[in-house]
Amino acid sequence: DFELHTRQLGDEWICIAYGKTKYARQLDSMSARASTEEDATRLVVAQYNYKAGHISNAEYLEIFLHCHSTSPKPAD
């Protein structure tokens with residue numbers, strides 16, 4: 001139902017979900033930023049799963065914290 005687009009912006013990655021169906025386009029937009037493309041994508045998928053009722057708020061928070069705590073930090 002969604003097409004995921006990722007793009008690097010400086011030392012961050014952003015992932016945006018675009019609805020491909022009429023129903024998908026009716027949902028709130030989903031996007032996330034992270035230090036890696038994989039984590040940005042993982043966060044958008046987690047947002048979808050939370051909104052769809054497949055995971056709890058606590059499970060989403062665990063994914064969010066994991067993605068932000070394991071992402072490499074930019075060099076000074």
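Values in this document were obtained by computation on a predicted structure and should not be read as measured data.
Heavy-atom contacts from other residues, nucleotides or ligands closer than 6.0 Å to CD of Glu59 number more than 12. Within a 6.0 Å sphere centred on OH of Tyr60, other residues, nucleotides and ligands contribute more than 12 heavy atoms.
A heavy-atom distance below 4.5 Å is not found between the side chains of Lys20 and Phe2. Residues Asp39 and Thr36 have side chains in contact (heavy-atom distance under 4.5 Å, counting atoms from C-beta outward). Contact of the Thr6 side chain with the Val44 side chain is not registered, since no non-hydrogen atoms from C-beta on lie closer than 4.5 Å.
Pairing each heavy atom of Ser29 with each of Lys51, the nearest pair is O-NZ, 3.5 Å.
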Assess whether side-chain contact (heavy atoms from CB on, under 4.5 Å) is satisfied between Leu4 and Ile16, documenting all intermediate values.
-> CA-CA 6 Å; Leu4 301 180; Ile16 302 171; over 6 Å; no

Test side-chain contact (heavy atoms from CB on, under 4.5 Å) applied to Val45 and Leu43, step by step = CA-CA 5 Å; Val45 170; Leu43 287 167; over 6 Å; no

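In the hydrophobic clustering of ILVMFWY residues, with side-chain heavy atoms under 4.5 Å counting as a link, Trp13 and Leu65 come out apart. Connection of Tyr18 to Met30 is not established within any shared hydrophobic cluster, with ILVMFWY side chains joined at heavy-atom distances below 4.5 Å, either directly or through further cluster members.
Between Tyr48 and His54, the two ring planes are tilted [angle within 30° to 60°].
The closest donor-acceptor contact from the side chain of Glu37 to the backbone of Arg7 lies at 3.5 Å or more, if one exists at all.
Legend: residues meeting ring-ring contact (aromatic ring centres under 6.0 Å, His included) with Phe64, ordered by chain and number and at least two apart, are His68.
We find that Arg33 and Glu12 are joined by a salt bridge, their nearest charged nitrogen and carboxylate oxygen being less than 4.0 Å apart.
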